[in-house]
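To start, the structure itself, in structure tokens.
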Amino acid sequence: MIGLTFAEPVLLVGLLAAAIPWLLHLLASVRAQEVRFPTLRFLKISMEKTARRRRIQHWLLLMLRSAALAFLAIAVAEPISRAATNWTGAQNSAAVIMLDNSYSMAAGRQASRFGRARTEATALLGGDSKPALAALMATNDPPAGGVELTSQLENLRKKLAGESIGYGLAPLSQKLSQALDLLARHSDPHKAVYILSDMQRASFDDLAGSQSLAQSAGVNLFVIDCSQGPCQNVGIADLRIEGRRVADSVLEFSATLVNSSPTDRVVDVVLKIDGLGVVQKVRRDLAAGGKEGSSATVRFRHSFGRSGPVSGQMAIEQQDDLAADNIRYFALQIGSHVQAVVVSPAAQDGGMDPAVTVRLALDPFGGSSSWPVEPRQIEPAQLTRENLNGADAIFICQAPIFTDDQAQTLERFVREGGTAWFFLGPGVDADNYNKVLVEKIPAEGGLLPARLLNPVGNVGPDAPALAVNWVDVAHPYLAGLYQTPADYLTILVQRYFRLADSPRKPAVLMRLANGDPLILAKDFGAGRVVLCATTANPAWSNMPTRGSGLFLPMIARACLQARGLAGADPIYDSGSRIVLRPRLSGDEDEEEFKSAQVSLILPADETGSVKSVKLPLQKTDEGYQAAVQDAGRPGIYQWSLISHGQADRQEGGIFAVNPVGAECRLEQMPHNTFLAAMKGKGLAGVYLGSSLGEAYASAQEQAAGKNWWDLIVVAVIILLVLEAVVANRKKMIQEAMPAHLQTQ
Amino acid sequence: MARNAYKYFEPQKIAKLANLNILARQAVEGFITGLHKSPHKGFSVEFSEHREYSPGDDLRHLDWVAWGRSDKYFIKQYEQETNLRAYILLDCSGSMAYRHSPQGISKFEYGCFMSACLAYLMCRQQDVVGMIAFDEDVRFHIAPGGTPAHLDRLFKKLEALEAGRKTAIASTFHQLASTIAKRGLVVIISDLYDDPAHIIRALQHFVYKKHQIIVLHLMDQAEMEFPFKKVLSFVDMETNERLQVDPRFVKDSYCKEVAAFIEHYRKECSDRKIEYCHVTTDMPYDGVLLNYLSRRKALLK
């Protein structure tokens with residue numbers, strides 16, 4: 001809202017001059033000089049033809065002339081605009097102080113930005129212009145359910161002293177909306193929100209891009225820029241880990257380095273493994289922030305020789321103005337060798353071992369310790385829960401039938417993340433498969449991807465064969481084995497079980513020339529089931545022999561990727577919700593679990609002291625779990641289950657917490673950009689300064705008003721130019737034309 | 001330097017035109033041998049055509065060359081030449097009294113100068129010239145004559161004439177076309193401010209009567225350029241009708257209308273083989289006549 005006053009209101013009498021053109025018009029109409037003319041016939045025609053244009057031009061000219069005189073009179077009277085809701089300081093004011101405690105606020109050399117913000121906030125709460133009512137919100141604190149305006153400013157100062165840096169992004173838009181809601185509940189005539197921040201673009205983009213702020217009418221926004229100029233900082237924005245989390249498998253650690261410094265920087269980045277120390281180190285040159293080359297990626301490769309939980313960090317060795325983003329922690333659960341179980345009946349006399357090629361695929365080096373898969377073979381009758389303990393994948397070759405218990409064992413195995421392959425062949429009882437593995441397991445449409453129909457085709461040297469004419473070359477089991485899709489089409493099948501269509505639409509990995517699927521896959525629970533309609537040995541097809549280039553890698557990949565289905569790495573952003581799910585042994589309904597707790601050891605603080613907290617274990621639909629509420633500090637957390645006192649630890653693990661990566665980009669939003677973006681959002685005023693005093697000065701300057709006389713004089717000149725253009729338009733056009741083109 | 005005896009006759013200017021004759025473009029009927037072709041064929045010096053010999057023809061006119069080529073007798077016929085009977089029709093309506101500049105001359109005065117000049121030139125070349133002044137009616141009618149006394153009478157009639165009444169050009173022309181019996185040259189000096197369609201029909205009436213027509217369309221330069229700046233109340237010189245106009249708004253349209261008006265006459269006259277000459281009063285009339293007659297002479301050769 002803008003109010004308008006005049007420095008010399010008396011001179012507004014000059015507005016009467018706006019009537020002069022109209023009076024002249026009337027006088028000219030009455031006293032026109034008479035001229036004798038030979039004939040009026042052409043004048044009458046011309047008057048008729050130009051009547052409309054003359055009328056428009058006539059009134060336009062009159063209005064332009066009147067407006068020019070009126071504006072001139074207004075300019076002479078010196079109009080001054082004043083903000084309708086001037087900020088006058090403390091009287092009857094209510095203020096919400098939003099303290100940015102995202103971790104970019106920790107930057108700074110002598111004093112951190114956060115320290116500066118706290119000082120300004122303290123000055124606001126204790127100075128001459130202190131508000132009558134105030135509330136304090138830290139941007140990285142939990143949602144402000146309990147925040148209220150209070151007149152006890154001393155309490156707020158104490159609370160302010162206890163505030164500390166968080167490690168996430170500052171959700172400014174959300175917090176400002178909460179602050180406005182808080183102020184809207186009070187009727188004070190003067191309301192203000194103070195944002196004490198470093199104006200980091202990562203946070204302020206969200207605020208500047210927000211929609212019109214509800215409840216913002218009459219509220220002034222003061223933004224105190226506590227950045228104190230640019231900082232020297234190179235941070236690690238993210239950390240990605242690729243590869244199989246199994247012993248002896250190579251993992252690739254890659255991270256993005258971001259330089260926010262005003263100068264070029266050279267940094268040394270190291271990969272540290274807890275217990276091993278620095279295992280690798282690289283050097284990177286980075287251009288100054290904002291320039292090309294200010295960001296770079298570093299990569300390390302490392303394999304863990306033993307299974308179990310491992311942790312470590314990627315770190316920048318050089319110190320800078322913001323330490324928190326120099327380290328990214330990681331925690332991984334490295335598994336032992338992938339455990340594969342091959343279920344196959346013994347070979348008949350003179351017959352072919354149904355699982356011979358599966359074993360070859362799973363153990364190509366004959367028991368080498370460097371091969372990440374450890375296969376073992378059992379008879380179908382030995383398929384029990386105990387025999388599947390610790391297994392990641394199971395390959396069932398021509399098992400004739402399954403009992404109900406075996407079916408339940410398989411269902412549980414797959415549901416918990418295991419991978420089960422079924423190879424069909426001679427002796428397989430399709431009815432038993434359909435009944436036990438499909439009908440009696442109603443969840444997710446049954447365990448098998450499709451029901452089995454009768455086997456078709458004949459075997460023998462002269463028997464016809466069907467070719468595989470379509471392979472899903474993008475499937476993780478098959479991708480990248482050959483250069484062209486045509487190279488995959490080498491498999492011939494003489495006999496196979498036809499598979500019924502399933503409404504669940506399982507993924508088809510291979511299809512025969514007649515359209516029948518040969519290999520189907522479906523996800524079941526956390527695991528996967530794959531069904532091959534023919535034998536795993538060369539009895540019914542050439543897949544294990546001529547197609548071995550396809551078959552052997554497919555089996556090995558299926559086995560290795562079975563471990564990958566177990567879940568994501570335990571690495572979290574600071575402030576995110578972390579749920580611990582201990583794997584309990586025994587009956588979950590036992591009384592001892594109901595009183596169990598999780599002991600969580602927090603990372604060491606700045607002083608080096610280590611604290612631990614105890615979290616209650618709660619039973620949910622997904623089993624027993626504990627929620628971590630205090631995982632803001634970056635580092636490695638260790639947890640363990642306590643069911644019968646300290647002595648009886650049964651289960652535990654580690655996880656890593658890192659700051660939000662975007663915070664390491666210290667690029668600041670330009671003041672003008674922010675002020676322009678906040679216009680039209682409904683706030684009474686937006687004032688910005690590098691200190692409280694500067695922001696107040698800006699507010700007072702705006703309240704003092706602006707004299708618009710010079711702009712109005714410019715408007716008068718423009719009006720006069722327009723008048724001249726309109727009045728002489730035809731003449732100008734004629735003069736611009738060459739004489740020989742003008743009307744004779 | 002001797003003073004002019006007549007108001008509209010300036011011998012010093014006419015001297016420039018001494019070598020020019022006003023020739024008829026088509027055959028005209030006269031009563032003496034003159035400069036112009038007669039419609040009557042005879043035996044004179046200008047060969048016209050052959051006709052077959054018939055008994056009784058004068059053998060002096062037998063074409064022996066034609067007999068030598070065709071073995072037939074042909075008699076050569078010759079065109080007669082006669083003097084020209086001309087009528088000058090001068091518009092003296094109110095609109096002709098207009099002059100934009102006080103120092104300039106009115107269209108009427110300009111027309112009088114041209115009339116006197118033309119009358120003198122034609123009499124000097126043995127032609128006879130009559131004069132008709134008209135507005136909504138015939139103001140005076142002087143029958144064709146070629147003597148100095150005739151010219152004296154004509155000049156004095158012009159001096160006594162004043163412009164100032166309404167125009168009815170078309171009806172007057174129809175009336176004159178009916179009354180002028182013998183074919184001749186009709187020179188019309190007027191601003192032609194009447195309904196153009198009616199005027200053209202009246203001119204056609206003259207053409208039908210086998211007169212040769214020259215239209216000298218007189219206008220003041222101000223009528224064409226409309227050089228007025230401020231708001232004025234224009235009064236029609238014939239009807240006294242008033243119209244208040246801001247010239248800045250109508251000037252363009254006015255000039256286009258006037259140009260179209262002139263072009264209309266130019267085209268209609270051209271279509272009917274009527275000679276049309278647009279003249280403005282800021283041009284010296286002797287210069288205008290010199291140019292016009294020279295150009296005309298060249299065309300007739």
Side-chain angles (χ1 to χ4, degrees), chain A residues 20-65 720 722-744, chain B residues 91 93-100 106-108 163-164 166-167 190-196 218-220 222-263 278 281:
Chain A
I20 291 174
W22 302 87
L23 290 173
L24 289 176
H25 165 69
L26 291 173
L27 288 174
S29 302
V30 172
R31 300 177 58 186
Q33 184 186 346
E34 287 191 350
V35 172
R36 293 180 67 74
F37 205 63
T39 181
L40 301 184
R41 57 186 295 157
F42 305 120
L43 287 174
K44 285 178 182 173
I45 296 169
S46 303
M47 293 281 277
E48 284 171 14
K49 283 187 174 177
T50 59
R52 187 167 176 273
R53 186 173 65 83
R54 272 188 300 113
R55 205 160 42 243
I56 293 171
Q57 193 172 357
H58 183 73
W59 290 113
L60 188 61
L61 279 174
L62 273 178
M63 283 190 286
L64 282 171
R65 289 164 183 166
L720 290 175
L722 280 175
E723 193 272 345
V725 168
V726 172
N728 300 292
R729 191 172 65 88
K730 279 288 174 186
K731 187 178 173 186
M732 289 162 65
I733 292 169
Q734 280 186 346
E735 285 173 355
M737 287 172 68
H740 69 280
L741 292 180
Q742 292 186 17
T743 306
Q744 295 300 308
Chain B
D91 184 356
S93 63
S95 63
M96 289 290 284
Y98 179 73
R99 79 179 75 185
H100 177 64
S106 68
K107 292 187 282 183
F108 172 72
K166 289 185 180 176
T167 313
S190 170
D191 56 11
L192 301 177
Y193 283 152
D194 200 348
D195 187 330
L218 261 186
M219 288 183 83
D220 193 292
E223 289 179 89
M224 300 182 65
E225 295 179 347
F226 206 64
F228 306 99
K229 302 287 183 192
K230 60 182 182 179
V231 177
L232 293 169
S233 182
F234 289 90
V235 181
D236 192 304
M237 294 177 73
E238 294 183 7
T239 63
N240 281 331
E241 188 182 359
R242 282 170 168 71
L243 183 65
Q244 186 157 308
V245 172
D246 188 340
R248 291 168 300 175
F249 293 117
V250 299
K251 179 176 177 177
D252 289 345
S253 176
Y254 174 89
C255 290
K256 283 180 188 169
E257 289 299 324
V258 171
F261 174 72
I262 295 168
E263 190 55 34
H278 183 260
T281 55

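Note: hydrogens, waters and symmetry copies are ignored here, and every other heavy atom, side chains too, is used. In what follows, every chain begins at residue 1, and chains take the letters A, B, ... in the order their sequences are listed.
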Intermediate values then yes/no, side chain to side chain contact (heavy atoms under 4.5 Å, CB included), B:Phe234 and A:Leu43: CA-CA 9 Å; B:Phe234 289 90; A:Leu43 287 174; 3.8 Å; yes
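B:Tyr98 and A:Arg36 make their closest contact through CE1-O, 3.3 Å (heavy atoms, listed as atom of the first residue, atom of the second, distance). When every heavy atom of B:Ser95 is checked against every heavy atom of A:Pro38, the shortest pair comes out as CB-O, 3.7 Å. Residues B:Glu257 and A:Phe42 come closest through the heavy atom pair CB-CD2, 3.9 Å. The shortest non-hydrogen separation linking A:Arg41 to B:Asp194 is NH1-O, 3.2 Å.
Here A:Ser46 contributes atom OG and B:Lys256 contributes atom NZ; the two are 10.0 Å apart, rounded to the nearest 0.5 Å. In this structure, the separation between CG on B:Asp252 and NZ on A:Lys49 is 12.0 Å, given to the nearest 0.5 Å.
Residue contact with chain A, scored on non-hydrogen atoms closer than 4.5 Å, involves the side chain of B:Asn240 exclusively.
Most heavy-atom pairs under 4.5 Å with chain A: of the set B:Val258, B:Ile262, B:Val250, B:Val245, this distinction falls to B:Val250. Note on A:Leu40, A:Ile45, A:Thr39: by heavy-atom pairs under 4.5 Å with chain B, the leading option is A:Leu40. Interface check for chain A: of the options B:Glu263, B:Met219, B:Glu238, B:Glu241, the most heavy-atom pairs under 4.5 Å are formed by B:Glu241.
In terms of modelled atom types and a separation under 3.5 Å, the side chain of B:Ser233 and the main chain of A:Glu34 share no donor-acceptor contact.
Side-chain contact check for A:Phe37 versus B:Val235: every heavy-atom pair is 4.5 Å or farther apart.
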